[in-house]
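Here is the structure we will look at, set down as structure tokens.
For ligands, and for the atoms within them, numbers begin at 1 and follow the listed sequence. No hydrogens, no waters, no symmetry mates; every other heavy atom, side chains included, goes into these values.
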Amino acid sequence: MFMAVESTLPTPVRTPASDKDAKVLQFIEEMTKNVDSVQERVLREILGRNAETEYLERFSLNGATDRETFKSRIPVVTYEDIQPEIQRIANGDKSPIFSVHPISEFLTSSGTSAGERKLMPTIHEELDRRQLLYSLLMPVMNLYVPGLDKGKGLYFLFVKAETKTPGGLLARPVLTSYYNSDHFKTRPYDPFNVYTSPNEAILCVDSFQSMYAQMLCGLIMRDEVLRVGAVFASGLLRAIHFLQNNWKQLAHDIATGTLNPKITDAPVRECMRKILKPNPELAQLVTMECYEENWECIIKRIWPRTKYLDVIVTGAMAQYIPTLEYYSGGLPMACTMYASSECYFGLNLNPMCKPSEVTYTIMPNMAYFEFLPHGSSTSCLVDLADVEVGKEYELILTTYAGLCRYRVGDILRVTGFHNAAPQFRFIRRKNVLLSIESDKTDEAELQNAIENASLLLKEFNTSVVEYTSYADTKQIPGHYVIYWELLVKDSAIAPTDDVLNRCCLQMEESLNSVYRQSRVADNSIGPLEIRVVENGTFEELMDYAISRGASINQYKVPRCVSFTPIMELLNSRVVSKHFSPDLPHWTPERRR
Ligand code: AMP
């Protein structure tokens with residue numbers, strides 16, 4: 001269905017667009033030239049200010065701020081190692097556990113622990129650091145794409161539900177925190193960074209109303225749009241899918257100048273009242289473009305001045321590149337930054353490169369970074385300035401907010417250097433089997449979900465003998481597909497279609513809260529599907545792997561598949577397909 005379209009990459013202009021840009025670019029040069037000394041300073045600052053925290057005192061750092069003492073005394077940890085302390089903070093302990101600065105809120109990461117989002121304590125000043133990284137992006141982009149001050153960016157940006165921990169601290173995703181901050185809400189006017197979406201639409205928690213208003217504004221301002229984006233590729237595709245489902249109503253609103261009554265959020269209604277005026281000509285154009293069966297190039301057709309898409313298509317998002325190429329007619333895709341709830345890491349200094357060539361330069365002022373050579377023991381960590389080209393590393397962080405030698409779980413490969421700063425290709429996230437958007441399902445979670453679902457088969461004297469999985473992103477929204485080989489001991493009471501549908505739902509109930517939130521609140525993951533395959537299919541799969549050189553002794557059933565011949569084999573053996581008949585449970589409140 002999808003054609004690979006050659007990107008037309010603009011030639012870099014390479015002169016700063018303004019004095020302000022020149023200063024920012026100079027800052028990047030300084031940071032990347034002095035990586036090691038900046039890192040030394042950052043560690044000194046972090047350890048100096050947090051010397052009296054419970055955590056550093058526990059390891060007898062005794063006020064030392066040098067690398068050797070730090071490395072010899074502080075252990076490398078995972079989230080689970082520090083969870084008891086995190087829980088104390090969540091329960092209201094205000095003593096300086098990780099940081100002498102008060103914990104301002106928790107950022108809920110899309111990585112989960114025991115089925116719930118990880119809670120990352122943060123401090124107020126981290127907002128400045130995040131803002132600083134954002135401020136580097138446009139000056140770099142302006143080197144490659146001239147004239148971005150002559151129009152606007154259509155960005156689909158969303159906030160998610162917030163909760164409070166038992167101790168009263170807010171817990172919300174990092175972007176929800178950022179969009180709600182004054183840093184974002186009262187940002188000074190910058191002609192290079194004007195969005196079509198009003199703050200009211202971005203800050204509306206109802207995902208339908210927020211998307212509707214943002215799309216409506218994007219359509220109304222179509223002549224001004226120079227770039228189209230979302231944080232991740234999956235978000236932009238969701239927006240296109242939304243347009244497919246709602247263009248008639250949107251065109252109606254534009255034709256009549258009246259707002260869809262389903263938009264009930266008062267601030268959104270109020271701001272749309274000022275923006276929405278009857279424009280039958282535009283409504284007709286939208287209708288003409290969307291009415292067509294063929295949606296190829298739809299982005300270029302509706303927003304003809306678009307110069308590039310601003311979306312992350314690295315890591316788990318790479319699966320969406322062909323679909324985005326199809327809808328955009330081969331527009332360049334800029335992956336501008338690499339960030340997480342724990343810390344914003346760095347940016348892409350060549351943002352118009354091909355997705356397969358994207359590298360991120362970690363900014364040494366953001367945190368103290370160490371690198372664990374992939375597969376080595378935690379005693380072999382190397383510093384940011386000392387990583388070697390071609391090698392893969394796991395990223396380890398020490399942050400101003402108080403995380404110390406914390407394993408993020410990302411695997412990066414060094415591809416080269418900008419000045420003294422290494423540039424990294426994002427390879428993968430550790431232990432992620434399935435991902436459609438921000439959900440990250442690991443092998444243990446999938447296994448647990450299968451076990452829970454197969455309990456429903458017991459009364460039918462049936463068990464799951466083998467399984468594997470696949471993240472199907474051919475349609476929007478994507479969905480999980482689970483292949484099951486069943487052992488039906490008594491065919492007279494084989495499980496019915498209804499039972500197998502309920503198994504799908506039971507699996508969904510067992511998956512982590514990020515998955516369930518995407519299903520329920522965001523509608524960004526479709527119903528889970530079970531495909532029952534013929535008996536003997538998994539043995540054939542093994543024969544196939546062995547024919548390609550796998551060892552019989554060491555063969556393990558892959559718990560996730562994507563390789564085309566294996567998919568073809570599995571799909572040719574499917575005897576029945578079943579879908580989750582309902583939404584799983586999800587509320588913003590944490591289960592634990
Ligand atoms: P979260 O803490 O939920 O914001 O998720 C952060 C994680 O998303 C990172 O640790 C990465 O695994 C992934 N991520 C963030 N930015 C990128 C990027 N530019 N390319 C690939 N993966 C990314």
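Close approach to R429 involves these atoms of ligand 1, each under 4.0 Å from a residue heavy atom: 7 (C), 9 (C), 10 (O), 12 (O). For ligand 1 and V408, the ligand atoms under 4.0 Å from any heavy atom of the residue are 10 (O). Taking every heavy atom of I312 and a limit of under 4.0 angstrom, the matching atoms of ligand 1 come to 18 (C), 19 (N), 20 (N). Residue Y360 has at least one heavy-atom neighbour below 4.0 Å for each of these atoms of ligand 1: 18 (C), 19 (N), 20 (N). Every atom of ligand 1 with a heavy atom of M337 under 4.0 Å away is listed here by number and element: 19 (N).
At the shortest separation from atom 17 (C) of ligand 1 among protein heavy atoms lies Y338 CD1, 3.6 Å. When only non-hydrogen protein atoms are considered, atom 5 (O) of ligand 1 lies nearest to S110 OG, 3.5 Å. Closest to atom 20 (N) of ligand 1 among all protein heavy atoms lies T314 OG1, 2.6 Å. Looking only at protein heavy atoms, the nearest one to atom 2 (O) of ligand 1 is S341 OG, 2.6 Å.
Ring centers of Y338 and F424: at least 6.0 Å apart, outside the cut-off. Taking the six-membered ring for Trp, F98 and Y55 have ring centres closer than 6.0 Å. For Y480 and Y515, the gap between ring centers is short of 6.0 Å.
With sequence neighbours excluded, no residue forms a ring pair (Phe, Tyr, Trp, His ring centres under 6.0 Å) with F192. Evaluation of the side chain to side chain donor-acceptor pair (under 3.5 Å) rule for R88 yields E54, D93 as partners, not counting sequence neighbours.
Among A339, P173, G409, S340, the residue whose heavy atom lies closest to atom 16 (N) of ligand 1 is A339.
Distances from ligand 1 to the non-hydrogen atoms of M317 include no value under 4.0 Å.
Ring pair Y344/Y134 is perpendicular by interplanar angle, where above 60° counts as perpendicular and below 30° as parallel.
Heavy atoms of D410 found under 4.0 angstrom from ligand 1 belong exclusively to the side chain. The proximity of S438 to ligand 1, defined as any non-hydrogen pair under 4.0 Å, does not occur for either the backbone or the side chain.
Here the straight-line distance linking atom OG of S197 with atom CE of M215 works out to 9.5 Å at 0.5 Å rounding. I411 CD1 to Y393 OH: the interatomic distance, rounded to the nearest 0.5 Å, is 12.0 Å.
Under the 6.0 Å distance and 45° angle rule, R67 does not count as a cation-pi partner of F70.
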